[in-house]
Amino acid sequence: MRNNSPSELPLYEQIYNVVRQIPPGKVATYGQVARIVGKCTARMVGYAMSALPLQSDVPWQRVINAQGKISPHGDGIGTLLQRQMLEAEGIVFDSQGKTELDRFGWHGI
DNA sequence: CGGCTGACTCTGG
DNA sequence: TCCAGAGCCAGCC
């Protein structure tokens, strides 16, 4: 097993590790991921996501803000792409671009 | 080694 | 309901 010693892994990698655990069709908030990692804040998660390319092994698209909405980032291309990918997974957005965390929110493992 | 940047969240008005 | 400010930390140049 890859030593699961998180202390040896960079914080960003720990965050990515948690994000990879989010199952398809579900979404998690930055704060939620931060809470699972237990040693970083919601901002750290957002910063870590920004360091990821649009195409990566990490389902960064499933990470949204506490309002259940997608935070605008980049030129907006990534934001729109995120919404499209989430819709492709079955996530539904209302006219406000908001999703129901109560229904699609990830509860953790 | 110093400084800058960044996809959040909360509270108050 | 919307706007503004503060707190927070790691990675990169």
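Proteins get letters first, then strands, A, B, ... in listed order; numbering begins at 1 in each. Values reported hereafter were calculated over all heavy atoms of this structure, with side chains retained and with hydrogens, waters and symmetry mates removed.
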Compare the minimum distances between each of [options] and the side chain of [X], then state the nucleotide with the smallest one.
X: Ala66(A); options: dA10(C), dC10(B), dA7(B); result: dC10(B)
X: Gln82(A); options: dG6(B), dA7(B), dT9(B); result: dA7(B)
X: Ser50(A); options: dA7(B), dG11(C), dC9(C); result: dA7(B)
X: Ala42(A); options: dG11(C), dC8(B), dA7(B); result: dC8(B)
X: Tyr47(A); options: dA7(B), dG11(C), dC9(C); result: dC9(C)

Would you mind reading off the distance between [X] atom [atom1] and [N] atom [atom2], rounded to a whole angstrom?
X: Tyr12(A); N: dA7(B); atom1: OH; atom2: P; result: 10 Å
X: Gln67(A); N: dA7(B); atom1: CD; atom2: P; result: 16 Å
X: Glu13(A); N: dA10(C); atom1: CD; atom2: C1'; result: 14 Å
X: Arg35(A); N: dC10(B); atom1: CZ; atom2: P; result: 9 Å
X: Gln32(A); N: dT9(B); atom1: CD; atom2: P; result: 11 Å
X: Leu86(A); N: dA7(B); atom1: CG; atom2: C1'; result: 13 Å
X: Gln14(A); N: dG11(C); atom1: CD; atom2: C1'; result: 14 Å
X: Gln96(A); N: dT1(C); atom1: CD; atom2: C1'; result: 11 Å

**Asked** Contact class for Thr41(A) (heavy atom, under 4.0 Å): base, sugar-phosphate, or nothing?
**Response** nothing
**Request:** Give none if dT9(B) has no partner; otherwise give the nucleotide forming a Watson-Crick or G-U wobble pair with it, both distances under 3.5 Å.
**Result:** dA6(C)
**Salt-bridge criterion met for Glu89(A) and Lys26(A) (N-O under 4.0 Å)** = no
**Message:** Between Tyr16(A) (side chain only) and Ala48(A) (backbone N and O only), is there a donor and an acceptor less than 3.5 Å apart?
**Reply:** yes
**Message:** Is it the case that the side chain of Thr79(A) and the backbone of His73(A) share a donor-acceptor pair, with hydrogens and angles ignored and the cut-off at 3.5 Å?
**Reply:**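 Yes: the side chain of Thr79(A) pairs with the backbone of His73(A).
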**Request:** Can you measure from CD (Gln82(A)) to CD (Glu87(A)) and round to the nearest 0.5 angstrom?
**Result:**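 Atom-to-atom, Gln82(A):CD and Glu87(A):CD are 11.0 Å apart.
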**Point-to-point distance, once rounded to the nearest 0.5 Å, from CG of Asn17(A) to CG of Leu11(A)** = 11.5 Å
